[in-house]
Amino acid sequence: MSELIKVTLPDGSEREYPKGSSGMDIAMSISEGLARNVLAAKVSGEIVDANRGIDSDAKVQLLTWNDLEGKSTFWHSSAHLMAEALEALYPGVKFGIGPAIEGGFYYDVDFGDQEFNSQDLKQLEDKMLELARGKNSYERTEVSKAEAEKYFLEKGDEYKLDLIKDLEDGTITFYKQGNFTDLCRGPHIPNTGFIKAAKILNVAAAYWRGDEKNKQLTRLYGITFPKQKELTEHMEMLEEAKKRDHRKIGQELELFAFSEKVGMGLPLWLPKGTALRERLEQFLRKAQTKAGYSPVITPHIGNKNLYITSGHYEKYGADSFQPISTPKEGEEFMLKPMNCPHHCEIYKVRPRSYKELPLRLAEFGNVYRYEQSGELHGLTRVRSFTVDDAHIFCRPDQVEEEFKAVIDLVLYVFKSLGFENFTAQISLRDPDDKEKYIGEDEAWDKAEAAIIKTAAEKGLPTVVELGEAAFYGPKLDFMVRDALNRSWQLGTIQVDYQLPERFELEYIGADNEKHRPVMIHRAPFGSMERFVAVLIEHCAGNFPLWLTPEQVAILPISEKYQDYAEAVFNQLKEHDVTGYLDERDEKIGRKIRDAEMKKVPFMLIVGEKEQETGSVSVREHTKGDLGSLKLDEFIAMFDSRVAAELG
RNA sequence: GCCGACGUAGCUCAGGGGUAGAGCGCUUCCUUGGUAAGGAAGAGGUCAGGGGUUCAAAUCCCCUCGUUGGCUCCA
């Protein structure tokens, strides 16, 4: 007699189930193995508990650990489990919020008068696992606002009360597992038994609601897994990430440095780092030349009025490096925080015809931004950096084509540097806070639509973020995943209808009338600093051969072969192979070890044999002895490796 | 900018109220050695900077600077 509902599964198949069946019931009907792994269900786009009944026809996706949403449900439930453990160990603790994040979860905790220190972490982890073994189910109940308030009033948790205050009556739910009840929208995994491994990763301080006027809570970061093995692998990955830290490798390989005397956040590029950077620049210059860009050079400072015109002064002036005054009364200059205003003035040097658009002005421009001191981090966040900048001035009817060409350029750059995984983030205005942005609604709508359209046409994997736009226009940001699957923002493309307006840029159209061009800002690397940092971590300092500052090390067996070694070195230099000659009075084993530590791709060992035959004994970094090659054979091999890398 | 931790030789770090330690690196000498560390000797530090407590401070306290984990921010 029970009514049936139609369920559409992700593979397109349709099945019928009694009304009120849950995701778990559906899983059970497919296979027991699946049922054991189901963490939650996505029902018509909404993620719900696996045991929630489904009352109408729906598209249903069963979420497991392999789904992002499954993981996040798992971690959110783990946050509740950690809270339960904390409550058991520290009676009377109060809780803020405890969401899942990328790579785990956290919970903000107010320990009151109780002490919590890092020695307690193991105890907390053990308690979590002990509770998890109880296989307590996560039970959802709907409560009224009054009931919710009553519960937390009695418990004395002012943070939850604060949260409830903003919730609408009738939408409030509690989740209970074991002895712990929490205010929570859900969803959750079926029971705590799924959680087999737990690690508290980090303890930090965070203000309630992120406001420094509020009380500071202890934020406990944790991660959990359905298998112990996965936790072990995760911890190994974190260990590997630490080894790849670009700050560490940058120091070890002498790529860059910082000096207290020069100032915080102001990187000093050492010779090897500079070599690397310049090769990256040359690579992009070449690609840009092909794509029709015109390189330009502009000063590091600009009159304050330039930034008043651009709108940047009003927006960022107070938080920037302050104006530089000159002997002339009232005259003020600013370190340039971006290159666009200068490029606008280049556009304006003479009247422009529609025939010369698009005009693509490119500059590796050094810019200076007074980032908050607490935000500085290695090369990824600095106060002086170089944008691989370009501004494309084009007619409105050219925007799409130009946008697509830029996407192609960005993809070419990523591919050449070994970044295979990326998503394109479409950053739009926050529709609820239009005050933050300058310009007309109409222009914004047009620009946003253009980005969405071209991204779709290029088949980019995209995510849309509201409120992430620049103040002058929407953006398409490229988030790449590195070798450790960490996500970084690199390239950016931005459509801008505002600056042309502010700078009164014009071109004469075919109709002999004045028209306003559209500007596209773009930087495939983002910044040289940030890109190098990400590249270092991506390849753990083992750069593609063509980028490596020291590509070969010539290691003579003894000083008797010094002359031959030098001859080899000189010939390599002729072929644009860079490196060094290790003339030290050390044994070959030692020279090899040092070259290996420096991650030099090729070691060329030369002694009596090689000298007699005009050859080199080749050893490749981490791979060992490759045997003997004539010098020209080696050069040919080297060249073909580089050619292969650059596709 | 805010909260916490940290700052000892070029690097990695030990020490800790009573005149500064190790390994690596560096310099010199010996050694001329065939695929991841040859041997010996030597140089090198106002213990981040400033102030205080003390007979005595690298060590305890305060401030400043810097680094770092977070929070907030990011043209």
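Note that the coordinates shown come from a computational prediction; the quantities given were computed from them, not determined experimentally. Chain naming here is simple, since letters A, B, ... match the order of the sequence lines and numbering starts at 1 in each.
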Across all strands, who's sitting opposite [N] as a Watson-Crick or G-U wobble pair, both distances under 3.5 Å?
N: B:rA41; answer: B:rU27
N: B:rG69; answer: B:rC3
N: B:rU35; answer: none
N: B:rU54; answer: none
N: B:rA9; answer: none
N: B:rA48; answer: B:rU64

Regarding [X], tell me which of base, sugar-phosphate or nothing describes its non-hydrogen contacts under 4.0 Å with the strands shown.
X: A:I605; answer: base
X: A:G589; answer: sugar-phosphate
X: A:R530; answer: nothing
X: A:N202; answer: sugar-phosphate
X: A:F258; answer: nothing
X: A:E252; answer: nothing
X: A:K609; answer: base
X: A:M264; answer: sugar-phosphate
X: A:S320; answer: base

Whole-Å distance between [N] [atom2] and [X] [atom1]?
X: A:I493; N: B:rA75; atom1: CD1; atom2: C1'; value: 17 Å
X: A:Y221; N: B:rG69; atom1: OH; atom2: P; value: 12 Å
X: A:H521; N: B:rA75; atom1: NE2; atom2: C1'; value: 9 Å
X: A:L220; N: B:rG4; atom1: CG; atom2: P; value: 17 Å
X: A:H246; N: B:rU68; atom1: NE2; atom2: C1'; value: 13 Å
X: A:H343; N: B:rA75; atom1: NE2; atom2: P; value: 19 Å
X: A:N366; N: B:rA75; atom1: CG; atom2: P; value: 19 Å
X: A:L238; N: B:rG69; atom1: CG; atom2: C1'; value: 14 Å

Original post:
If you find the nucleotide of RNA chain B closest to A:G378 and the one closest to A:Q251, which residue's nucleotide is nearer the 5' end?
Top reply: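 This one resolves to A:Q251.
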
Original post:
Relative to the 5' end of RNA chain B, which residue comes earlier, A:E559 or A:G624, by the nucleotide with the nearest heavy atom?
Top reply: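 Result of the comparison: A:E559.
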
Work out how far the [atom1] atom of [N] is from that of [M], and round it to whole angstrom.
N: B:rG4; M: B:rG23; atom1: C1'; value: 32 Å
N: B:rC3; M: B:rA57; atom1: C1'; value: 29 Å
N: B:rU72; M: B:rC60; atom1: C1'; value: 34 Å
N: B:rA14; M: B:rC71; atom1: P; value: 27 Å
N: B:rU53; M: B:rU68; atom1: C1'; value: 30 Å
N: B:rG21; M: B:rC47; atom1: C1'; value: 11 Å
N: B:rU8; M: B:rA40; atom1: P; value: 29 Å
N: B:rA37; M: B:rC24; atom1: C1'; value: 10 Å

Original post:
What's the verdict on ring-ring contact (aromatic ring centres under 6.0 Å, His included) for A:Y106 and A:Y221, showing C-alpha distance, side-chain angles and the deciding distance?
Top reply: CA-CA 4 Å; A:Y106 69 79; A:Y221 287 87; 5.5 Å; yes

Do the side-chain N or O atoms of [X] get closer than 4.0 angstrom to the phosphate oxygens (OP1, OP2) of [N]?
X: A:S373; N: B:rG1; result: yes
X: A:H377; N: B:rG69; result: yes
X: A:Q372; N: B:rC71; result: no
X: A:R247; N: B:rG69; result: yes

Quiz item: [X] side-chain donor-acceptor pair to [N] base, under 3.5 Å:
X: A:R219; N: B:rC71; answer: no
X: A:E610; N: B:rG34; answer: yes
X: A:D585; N: B:rG38; answer: no

Taking the six-membered ring where the residue is Trp, are the ring centres of [X] and [Y] under 6.0 Å apart?
X: A:F111; Y: A:Y90; value: yes
X: A:F471; Y: A:Y437; value: no
X: A:F531; Y: A:F525; value: yes
X: A:F602; Y: A:F634; value: yes

Pairwise N/O distances under 3.5 Å, protein to nucleotides 43-50 of chain B:
none

**OP:** Would you check if A:I426 and A:E465 make a side-chain contact, meaning some heavy-atom pair closer than 4.5 Å?
**Re:**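 Result no, sub-4.5 Å side-chain heavy-atom pair not found.
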
**OP:** Would you mind reporting whether A:S628 and A:V618 have side-chain heavy atoms less than 4.5 Å apart?
**Re:**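 Not in contact.
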
Subject >> Passing option when A:H521 is tested against A:Q494, A:H343, A:H391 for side chain to side chain donor-acceptor pair (under 3.5 Å) >> reply: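 The option that passes is A:H391.
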
Options [options], nucleotide nearest the side-chain atoms of [X]:
X: A:D625; options: B:rU35, B:rA75, B:rC11; value: B:rU35
X: A:Q216; options: B:rU67, B:rC3, B:rA36; value: B:rC3
X: A:E586; options: B:rA75, B:rG38, B:rU35; value: B:rG38

Original post:
Short question: side chain of A:E252, backbone of A:I249 - any donor-acceptor pair under 3.5 Å?
Top reply: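 Not confirmed, A:E252 side chain does not pair with A:I249 backbone.
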
Original post:
Any donor and acceptor pair, going by atom type alone, linking the side chain of A:K591 with main-chain N or O of A:D582 inside 3.5 Å?
Top reply: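 Such a contact is found between A:K591 side chain and A:D582 backbone.
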
Subject >> ring-ring contact (aromatic ring centres under 6.0 Å, His included) evaluation trace for A:F95 with A:Y107 >> reply: CA-CA 7 Å; A:F95 296 101; A:Y107 222 124; 5.1 Å; yes

**OP:** Go through the side-chain N and O atoms of A:T548 and A:E550 and say whether any donor and acceptor fall under 3.5 Å apart.
**Re:**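 There is no such pair between these side chains.
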
Subject >> pi-stack flag for A:Y316 and B:rA75, centroid dist under 5.5 Å, interplanar under 30° >> reply: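 According to the criterion (under 5.5 Å, under 30°), yes, A:Y316 stacks.
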
